[in-house]
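Basis for what follows: all heavy atoms, side chains included, without hydrogens, waters or symmetry-related copies. Numbering starts at 1 and runs along the sequence shown. As the structure is a computational prediction, the values presented were derived from the model and not from experiment.
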Amino acid sequence: MTATTQTPGRDFWHLSFEDLWHAMADRRSEYDNPNEPGKFKLYRGLHRKPLPANVPRVLDGTAEFDDMALSTLLHYAYGISRQEFETSGTWPYHRMVASARCLFSVQLYVCLPDGVYHFDAAHHTLVRLRAGDHRPLLAAATGSDFDGASAVVVLAALFWKAAFIYRDYAYRLCTEETGLVAGNLQAVGTAMGMETHVHHQFLDEPVNKLLGLEPDEESALAVLALYPRPREIRRSAEARSAADLAYTLADISPPVVATTSLTGTLCPRLTAVNRASFLHDTNEIGSAAAPVPAVTGRALPMPARSLPSIELASVLRQRDSGPSRFIPVPSRVDGVALWARLAAISAEGVSDTVPANSPLEIFLTVADADGITPGTYRLDQATSALYPVGDGSGVAGIEGVTVPGPVFDHITAVVHLVGDRDWALQAFGDRSYRILNQEAGMLAQRVCVAAAALGLSARITNAYDVEGIRATLGLAGSARTPMFQILLARTGPGPRLVVPVEPEGAGR
């Protein structure tokens, strides 16, 4: 396809960014909503595989991928970290990653040698959907060789958990959250001595059928293979079709439907872009290096700074998005340490789709941080230097084009993750939307972890005027799209009681 062809993918790019106010026009209240789905997807009457409780509080290299390692991986990747008690009661459960209004649409499935399981985070246990080793099918669906993989994880979006509030716009939230979870899985796996390969491209029909997902209501969005040691991504020479692979699978009987929803009925554009993104043959799977725009202007080289290593388990327990009302408090923050953390994360990760560095650029707008003059900067991935950019409006300009809600007084900085929409459409067609959103989510999780390591809350706030943010960042008239806006600040406790959650007695 060409970058100018009107397709469901291009249509949704425009709807969810340039035409955001139209996309949000059907947004429902989160309060007293009779259509609200359950906080957790629960399967009843199926075999459950308890996971060991009392997971370690420090992540280090593990000698083998045993049940305790699996329990540790799942807890820190997507387990419940704390419960919040507040008068509204709408955001009670928090996990190790951010989620729009704590809806947590993403579902995590684990394929092990003895079966295919759903991760029940509420009870910290696995629920078996199919017996047997189906990792070879997932390898075939990704056009890859998973030989030596300890486990394969599939991330799927249960759309109605977000769409009951956000309708069609939920597709942006679900694809972003899939990236957040994938990025966290990758980070936790690395801290445990494993390597995780993220596959954005796979044959959708057999993967969805393997998991027993209800068409148009839940869809697999990412496949991750975990290895006990470093390993390159290996492509399979054998071409496979989605129909042929799906034919080899019997339907799950009786059908496993854990929830009902209205996505297919009430969200036609979400359904259309998701269907259009499906791949039908492994010959369609490819990769493309993202273009790197030329860097011009006066560079600010990063001062030498030795940063302590992050103890990931502790940082994930500390990570938060601030209270429901994001109100920064006055504080002194080491801006050079923040700069160094951002520079360190921009080139991490192993993806089958985008080789080398992240396809997202990091823009940093500083309001008040020691060691950096207030202003807007672009981070150069190659040199870690900052380049002053933008129209000079800085944080005030960002606040002026952001939907009122968060308070910008005493804010430390704002991070924007910027992707090239036209390149993505040219490279990946209608699947480009979910691919680049997931890549952005992976990078956003690293930003949130870097912020937590410095004692900062990181609030993802994506309700902004895209053209206004482009102007602020010096990208006016460009197809380069600000995909994430992340506010960084120290925040007060807010009107809430927060209780940490540990998987004690899990599986009982």
Participant: Hey, does Leu155 have a side-chain heavy atom less than 4.5 Å from the side chain of Gln107?
Facilitator: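 Of all side-chain heavy-atom pairs linking Leu155 with Gln107, none is under 4.5 Å.
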
Participant: Heavy atoms only: give me the nearest Asn184-Ala77 pair and the separation to one decimal.
Facilitator: ND2-O, 2.9 Å

Participant: Backbone N or O of Ala162 within a donor-acceptor pair of the Arg167 side chain at under 3.5 Å?
Facilitator: no

Participant: Does some side-chain heavy atom of Leu73 sit less than 4.5 Å from a side-chain heavy atom of Met192?
Facilitator: yes

Participant: Testing the 3.5 Å rule here: is there a donor-acceptor pair between the side chains of Thr282 and Arg240?
Facilitator: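 Note: Thr282 and Arg240 side chains miss the donor-acceptor criterion.
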
Participant: I'd like to know if the side chain of Asn208 pairs up with that of Glu214 as donor and acceptor (distance under 3.5 Å, no hydrogens or angles considered).
Facilitator: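 No.
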
Participant: Ignoring hydrogens and geometry beyond distance, is a side-chain donor-acceptor pair present between Thr271 and Asn274 at under 3.5 Å?
Facilitator: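 Thr271 vs Asn274: no donor-acceptor pair found between side chains.
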
Participant: For Ser144, does its backbone N or O pair with a side-chain atom of Arg235 as donor and acceptor, under 3.5 Å?
Facilitator: no

Participant: Just jot down the ring pair (Phe, Tyr, Trp, His ring centres under 6.0 Å) partners of Phe12, sequence neighbours excluded, or say none.
Facilitator: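 Partners of Phe12 by the ring pair (Phe, Tyr, Trp, His ring centres under 6.0 Å) criterion, ordered by chain and then number, come out as Tyr171, Tyr433.
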
Participant: I'd like to check the ring pair (Phe, Tyr, Trp, His ring centres under 6.0 Å) partners of Phe484; sequence neighbours left out, ordered by chain and number.
Facilitator: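 Phe484 satisfies ring pair (Phe, Tyr, Trp, His ring centres under 6.0 Å) with no other residue.
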
Participant: Calculate, to the nearest 0.5 Å, the distance between atoms CD and OG belonging to Glu176 and Ser99 respectively.
Facilitator: 10.5 Å

Participant: Within a strict 4.5 Å, meaning less than it, do heavy atoms of the Val414 and Leu488 side chains meet?
Facilitator: no

Participant: Any sub-3.5 Å donor-acceptor pair from Arg319's side-chain atoms to Ala453's backbone N or O?
Facilitator: no

Participant: A cation-pi test, strictly: NZ or CZ of Arg95 under 6.0 Å from the centre of the six-membered ring of Tyr78 and no more than 45 degrees from its axis. Yes or no?
Facilitator: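 Yes - Arg95 lies over the ring of Tyr78, closer than 6.0 Å to its centre and within 45° of its axis.
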
Participant: Partners of Phe17 by ring pair (Phe, Tyr, Trp, His ring centres under 6.0 Å), sequence neighbours excluded?
Facilitator: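 Phe17: ring pair (Phe, Tyr, Trp, His ring centres under 6.0 Å) contacts with Trp13.
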
Participant: Can you find a heavy atom in the side chain of Trp160 that is under 4.5 Å from one in the side chain of Leu266?
Facilitator: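 Answer yes - side chains close enough.
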
Participant: Counting only N and O atoms by type, is there a donor-acceptor contact under 3.5 Å from the side chain of Arg490 to the main-chain atoms of Ile411?
Facilitator: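 No.
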
Participant: Does the separation of the ring centres of His199 and Phe146 fall below 6.0 angstrom?
Facilitator: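 Judged by ring-centre distance (under 6.0 Å), His199 and Phe146 do meet the cut-off.
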
